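I have placed the structure first, in the form of structure tokens, so that the comments after it can refer back to it.
Quick caveat: nothing in here was measured; it's all calculated off a predicted structure.
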Amino acid sequence: MRPSRTTAQRRRTAAAAVLLAALFLLTLDGAAMAAASNATGRADPGRSARFATFNASLNRAAEGELVADLSTPNDTQAQAVAEVIQRVRPDVLLINEFDFDARGLAARLFQRNYLSVGHNGATPIHYPFRFVAPSNTGIPSGFDLDNNGSVGGPNDAFGFGAYPGQFGMAVFSRYPILRSQVRTFQRFLWKDMPGALLPDDPATPAPADWYSPQELAVFRLSSKSHWDVPVLVGGKVIHTLVSHPTPPVFDGPEDRNGTRNHDEIRLWADYVLPSRSGYIYDDQGRRGGLKPGARFVIMGDQNADPFDGDSVAGAAQQLLENPRVNTSLTPTSPGGPEQAALQGGANLTHRGDPAFDTADFVDVPGPGNLRVDYVLPSKNLRILDSGVFWPASTDPLFRLVGVFPFPTSDHRLVWVDVRVHRHR
Ligand SMILES: [Ca+2]
Ligand SMILES: [Ca+2]
Ligand SMILES: [Ca+2]
């Protein structure tokens with residue numbers, strides 16, 4: 001694709017990649033290190049890479065509980081989550097709702113005790129590269145953000161959560177993560193987004209005053225975090241842009257969560273457009289977004305369906321109608337339409353195609369099943385195939401998704417295969 005590039009240059013790039021990979025491996029535990037040498041898996045890894053997002057509901061009520069659960073191989077939910085991953089076999093995987101711990105123990109234990117163990121005949125899968133970082137969930141803001149008259153608790157944290165890191169995120173990759181180039185946007189302030197949809201207290205005449213100036217001076221846009229995690233695939237850098245915007249509900253007429261959800265989605269929509277990304281700064285103080293021509297895959301539970309549910313109108317369209325986002329193929333499943341018909345309720349009045357659904361929410365009274373989880377490559381990456389892991393009830397693997405109470409999660413894994421260039 002770049003004819004000016006010489007073979008020697010390519011060799012140098014390849015050598016640098018190998019060196020980089022070796023450096024990262026030094027930081028990993030022995031099990032992952034051993035796995036790195038045979039991290040092949042896909043039938044033709046030189047042709048395509050599979051990107052996936054999965055809100056796996058690996059969150060627990062108390063701090064340390066997820067690490068405790070993953071310390072043994074006996075957690076039945078984690079076993080089922082691991083089997084879903086082993087069946088789909090993503091190359092780069094975002095897990096939403098994976099409680100954060102500063103040492104990355106939960107991610108390491110999930111690999112060792114669950115992903116590295118075959119479940120019900122599925123082949124184990126090894127991710128030599130992992131990335132976790134702090135989440136705004138459960139970090140006390142010191143302010144009465146929900147205006148209930150007292151300070152403290154999950155609703156007054158920078159992101160909803162009972163303890164720091166609850167409902168966090170983790171990236172697992174079979175390709176090298178360019179760790180020194182990762183950017184995080186945990187502390188970007190909502191007020192610093194031009195034209196932010198700051199919520200209004202309808203009980204007062206002043207506009208956009210749900211949050212006081214003192215609160216806005218510290219209010220972080222991201223309810224969890226936003227990470228730009230570059231991975232090296234086939235000699236090319238692909239920026240995985242991951243996040244988990246707040247659900248647009250659990251608030252009042254001020255719609256503070258709906259407006260925040262909209263603007264959390266907007267951060268990535270702006271980040272990929274050089275004409276609009278100038279205001280963005282990361283946690284290291286560097287400004288701006290992706291360069292023109294950069295490759296990316298936006299992944300995560302965006303908590304917004306383009307047609308149904310309670311998000312601000314147009315929230316999901318910020319990504320789906322973004323000039324740099326490739327929507328040539330929408331992931332579908334056989335289970336989505338089947339369950340929408342079986343479950344009825346709100347599903348009967350939905351405008352969106354149930355084949356695109358990715359989450360099984362309450363139907364009466366409730367939003368019904370929605371499309372909220374997305375894997376959206378850039379236009380300069382060709383989409384080869386895609387899907388939502390939601391088997392029909394006649395499929396033996398239906399046991400991995402089930403119906404409420406779910407064996408894994410109320411969300412389904414979504415995957416997209418993109419073409420990667422061969423380098424010989
Ligand atoms: Ca409060
Ligand atoms: Ca007001
Ligand atoms: Ca449902």
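- Taking a cutoff of 4.0 Å between a charged side-chain nitrogen and a carboxylate oxygen, Asp301 and Lys224 do not qualify as a salt bridge.
- Counting only heavy atoms from C-beta outward, the side chains of Leu397 and Glu83 approach each other to under 4.5 Å.
- Around atom CZ of Phe250, no more than 12 heavy atoms belonging to other residues, nucleotides or ligands sit under 6.0 Å away.
- In this structure, Ile139 and Pro164 approach most closely via the heavy-atom pair CG1-CB, 4.2 Å.
- Atom CD of residue Glu65 and atom CG of residue Asn59 lie 9.5 Å apart, to the nearest 0.5 angstrom.
- In this structure, Tyr163 contributes its side chain and Gly64 its backbone to no donor-acceptor pair below 3.5 Å.
- When atom types are taken as modelled, the side chain of Arg324 and the backbone of Ala294 share a donor-acceptor pair closer than 3.5 angstrom.
- When all heavy atoms of Asp353 and Ala355 are compared, the closest pair comes out as OD1-N, 2.8 Å.
- Using bins of under 30°, 30° to 60° and over 60° for the plane-to-plane angle, the ring pair Phe219/Trp190 lands in the tilted bin.
- For the atom pair CG of Leu381 and OG of Ser48, the computed distance is 12.0 Å after rounding to the nearest 0.5 Å.
- Partner His411 forms a side chain to side chain contact (heavy atoms under 4.5 Å, CB included) with one of Asp373, Val401, Val388 and no other, that one being Asp373.
- In Arg287, the CZ atom is crowded: over 12 heavy atoms of neighbouring residues, nucleotides or ligands sit closer than 6.0 Å.
- Of all the heavy atoms in Arg89 and Thr123, the pair that sits closest is NH1-O, 2.9 Å.
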Problem - Test log, rule side chain to side chain contact (heavy atoms under 4.5 Å, CB included), inputs Gln284 and Thr184 - result: CA-CA 8 Å; Gln284 293 73 39; Thr184 64; 3.9 Å; yes
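- In this structure, the separation between OG on Ser71 and CG on Leu66 is 9.0 Å, given to the nearest 0.5 Å.
- For the pair Trp415 and Asp91, the minimum side-chain heavy-atom distance is 4.5 Å or more.
- Cation-pi geometry between Arg371 and Phe356 is met: under 6.0 angstrom from the ring centre, within 45 degrees of the axis.
- A donor-acceptor pair is defined here as one N or O able to donate and one able to accept, closer than 3.5 Å; such a pair exists between the side chain of Asn113 and the backbone of Leu70.
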Practice task
Before giving the answer on side chain to side chain contact (heavy atoms under 4.5 Å, CB included), spell out for His126 and Gln111 the whole-Å C-alpha distance, their side-chain angles and the decisive distance to 0.1 Å.
Solution key: CA-CA 7 Å; His126 301 284; Gln111 173 66 68; 3.9 Å; yes
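- Contact check for Leu413 versus Thr408: no side-chain heavy atoms found under the 4.5 Å cut-off.
- The side-chain heavy atoms of Phe160 and Ser223, taken from C-beta on, include no pair separated by under 4.5 Å.
- Remark: side-chain polar atoms of Thr358 are paired, donor with acceptor, to backbone N or O of Val372 under 3.5 angstrom.
- From Met169, atom CE reaches atom OG1 of Thr53 across 9.5 Å, with rounding to the nearest 0.5 Å.
- Pairing each heavy atom of Gln186 with each of Asn136, the nearest pair is O-ND2, 2.8 Å.
- When atom types are taken as modelled, the side chain of Asn322 and the backbone of Ala269 share a donor-acceptor pair closer than 3.5 angstrom.
- A distance-only check finds no donor-acceptor pair linking the side chain of Gln166 to the backbone of Gly138 [under 3.5 Å].
- Formation of a donor-acceptor pair under 3.5 Å by the Asp357 side chain with backbone atoms of Gly336 is not found in this model.
- Here the CG atom belonging to Asp69 is positioned 10.5 Å from the CG atom belonging to Leu109, to the nearest 0.5 angstrom.
- Atom CG of Asp255 is separated from atom OG of Ser311 by 9.5 Å, given to the nearest 0.5 angstrom.
- The minimum heavy-atom distance linking Val132 with Gly104 is given by the pair CG2-CA, 4.0 Å.
- Residues Arg112 and Val117 share a closest heavy-atom pair of O-CG2, 4.0 Å.
- Inter-residue side-chain proximity for Phe307 and His350 is flagged as unmet; no heavy-atom pair is nearer than 4.5 Å.
- The shortest side-chain heavy-atom distance between Ile238 and Phe51 falls under the 4.5 Å cut-off.
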Practice task
List the steps, then state whether side chain to side chain contact (heavy atoms under 4.5 Å, CB included) holds for Lys379 with Asn326.
Solution key: CA-CA 4 Å; Lys379 278 212 171 118; Asn326 182 351; 4.3 Å; yes
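- Ring pair Phe98/Phe172 is perpendicular by interplanar angle, where above 60° counts as perpendicular and below 30° as parallel.
- Counting only distance, with no hydrogens or angles, the side chain of Asp209 and the backbone of Asp201 share a donor-acceptor pair below 3.5 Å.
- In this structure, Arg187 is not positioned above the aromatic face of Phe158 in the sense of NZ or CZ being under 6.0 Å from the six-membered ring centre and within 45° of the axis.
- Using cut-offs of 30° and 60° for the angle between ring planes, the Phe406 and Phe404 rings count as perpendicular.
- Side-chain contact check for Pro331 versus Val416: some heavy-atom pair is nearer than 4.5 Å.
- Judged purely by atom type and a 3.5 angstrom limit, Arg108 has no side-chain atom pairing as donor or acceptor with the backbone of Arg130.
- Ring-centre distance between Tyr271 and Phe185: below the 6.0 Å cut-off.
- In this structure the side chain of Pro354 never reaches within 4.5 angstrom of the side chain of Asn369, judged on heavy atoms.
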Exercise for the section: Show your reasoning for whether side chain to side chain contact (heavy atoms under 4.5 Å, CB included) applies to Gln181 and Asp228. Expected result: CA-CA 8 Å; Gln181 296 174 37; Asp228 172 352; over 6 Å; no
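- At distances below 3.5 Å, not a single donor-acceptor pair connects side-chain atoms of Asn74 with backbone N or O atoms of Thr76.
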